[in-house]
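Notes follow the structure.
Every chain is numbered from 1, with letters handed out A, B, ... down the list of sequences.
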2 protein chains.
Amino acid sequence: MPAQPRPSDEERDDTHAISDLEQFVGYNLKRAYVIVQADFRNALGQDSLAPRVFSALSLVVQFPHISQSKLARHLGIERSGLVAIVDELEGLGYLSRDTVPGDRRIQALVPTEKGRQAYAEALATVRAHEKALLADLTKEERRTLISLLRRIRVKGETE
Amino acid sequence: MPAQPRPSDEERDDTHAISDLEQFVGYNLKRAYVIVQADFRNALGQDSLAPRVFSALSLVVQFPHISQSKLARHLGIERSGLVAIVDELEGLGYLSRDTVPGDRRIQALVPTEKGRQAYAEALATVRAHEKALLADLTKEERRTLISLLRRIRVKGETE
DNA sequence: TATTGTTATACTCTATAACTATA
DNA sequence: TATAGTTATAGAGTATAACAATA
């Protein structure tokens, strides 16, 4: 970052000083989240899978026949919000809504072969970009970060 | 694509297993962010200052006479998005838009005494709730977490 | 020409409530 | 009564584009 030319008294930018905000986990979390999310979208391309759609596909591929209710719970969103996501994935031909013999209310989500392949490719792409974005952190630091974040998540889920 | 160990039983809930998602910083970041943000809102009360309004007030109190453009840049949002935030803070009587002698385009944001007091109270409240939410983490772990998040943020800002 | 603050507008994400069909 | 999926709807939060006043 090049210095601003000749800051006068009025124009001097004091805001590089540490502010109260920087001491909050919440503020730093938000700022980091915005950056990582933007990188994610750039990685897959602006009009490809959004983070939440990728997440949904990931769980469907790894846990085939999962119900929408369970999927919503695992993603931490409402059932109603999941409909559009599943619609999108179905529209792309990445999964199908299958009926379940025992309970006709449930629609089991089953990945198609196309969906599995798309997921495998997206997974590799996102992994590579996240690795590049976090290149400043050692492997150990990345593990520590994920571990600390997970403890916050688990704490929040059990409350 | 890793093969699923046991694809058959549809009733069993396999989803407590570690999924690909858990290995991503982005996913853990998002989930932790949602929890901390919800705690923030509960801390101040549902119809009190939203996180971003609190952040704006914080910077105005600590850097009086900051311009809206600079404030927006420091919050990482667009100028246009800041207008509603400043409107809200002005409506609450927490700050005033003051003219600047040298440049009549700029509206310097100056906190009122009421704004300073409200900020001091909110600051204490939010600090206490964040401390309680993160009670599982040691002081050292909290410092580590913030430091790692800040490195992601700084990396993102310089790109 | 460039910058500051502003408005208009649209899009994404999310939640709530109510509906249906099942159980 | 309760649950699964769905629809309608509304509210944040954010971005883009254009504008007037000023530099």
Quiz item: Rounding to a whole Å, what distance do you find between A/K30:NZ and D/dG13:P?
Solution: 8 Å
Exercise. Identify, with sequence neighbours excluded, every residue that meets salt bridge (charged side-chain N to carboxylate O under 4.0 Å, His left out) alongside B/R127.
Key: none
Exercise. Could you tell me, to 10°, how much the axis swings from one end of the helix from C/dT1-D/dA23 to C/dA23-D/dT1 to the other, five pairs per end?
Key: 10°
List, with names and distances, any nitrogen or oxygen atoms from the protein found under 3.5 Å away from nitrogen or oxygen atoms belonging to nucleotides 21-23 of chain C.
| unit_1 | atom_1 | unit_2 | atom_2 | d |
| --- | --- | --- | --- | --- |
| C/dA23 | OP1 | A/R104 | N | 2.7 |

Quiz prompt | D/dG5 OP1/OP2 closer than 4.0 Å to side-chain N/O of A/R97 | solution = no
Practice problem: Check DNA chain D against residues 75-86 of chain A and give the residues with a non-hydrogen atom under 4.0 Å, in numerical order. | Solution: A/R79, A/S80, A/V83
Quiz item: So, is A/R73 near the phosphate of D/dT3, with a side-chain N or O under 4.0 Å from OP1 or OP2?
Solution: no
Practice problem: Return yes if some donor-acceptor pair links the side-chain N/O of B/E141 with the main-chain N/O of B/T138 below 3.5 Å, else return no. | Solution: yes
Quiz item: In whole angstroms, how far is the P atom of D/dT14 from the CD1 atom of A/I35?
Solution: 14 Å
Quiz prompt | Check: A/K114 side chain, A/L92 main-chain N or O, donor-acceptor pair, under 3.5 Å | solution = yes
Quiz item: Measuring from B/N42:CG to B/S48:OG, what's the distance to the nearest 0.5 Å?
Solution: 12.0 Å
Quiz prompt | Side chain A/E130, main chain B/F24, donor-acceptor under 3.5 Å | solution = no
Quiz item: Taking only residues two or more places apart in sequence or in another chain, which ones pass salt bridge (charged side-chain N to carboxylate O under 4.0 Å, His left out) with A/R143?
Solution: A/E140
Quiz item: Separation of A/Q37 atom CD from D/dG13 atom P, in whole Å?
Solution: 15 Å
Quiz item: Just to confirm, is there a sub-4.0 Å distance from OP1 or OP2 of C/dT6 to any side-chain nitrogen or oxygen of B/Q68?
Solution: yes
Exercise. Between A/D87 and B/A50, name the one whose nearest nucleotide on DNA chain D is closer to the 5' end.
Key: A/D87
Quiz item: Rounded to the nearest 0.5 Å, what separation is found between the CD atom of B/E22 and the CD1 atom of A/I146?
Solution: 9.5 Å
Exercise. Name all residues meeting the side-chain hydrogen bond (donor to acceptor under 3.5 Å, both in side chains) criterion together with A/E121; count only those two or more places apart in sequence or in a different chain, and write none if there are none.
Key: none
Quiz item: For B/F54 and D/dA12, what is the distance between atoms CZ and P respectively, to the nearest whole Å?
Solution: 20 Å
Quiz item: Is a donor on one side and an acceptor on the other found under 3.5 Å between the side chain of A/D39 and the backbone of A/L133?
Solution: no
Practice problem: Measure the distance from CG on A/L71 to C1' on D/dT6 and round it to the nearest whole Å. | Solution: 15 Å
Quiz item: Any donor-acceptor pair under 3.5 Å linking the side chain of A/R79 with the backbone of A/Q68?
Solution: no
Exercise. Any chance you could measure B/L89, atom CG, to B/R97, atom CZ, to the nearest 0.5 Å?
Key: 9.5 Å
Self-check item: Whole angstrom value for the distance that separates C1' of C/dT12 from CG of A/L49
Solution: 16 Å
Quiz item: How many Å lie between CZ on B/R41 and C1' on D/dG13, as a whole number?
Solution: 9 Å
Quiz item: Between B/I106 (CD1) and D/dT22 (C1'), how many Å, whole number?
Solution: 10 Å
Quiz prompt | Check: A/A108 main-chain N/O paired with A/S67 side-chain donor or acceptor under 3.5 Å | solution = no
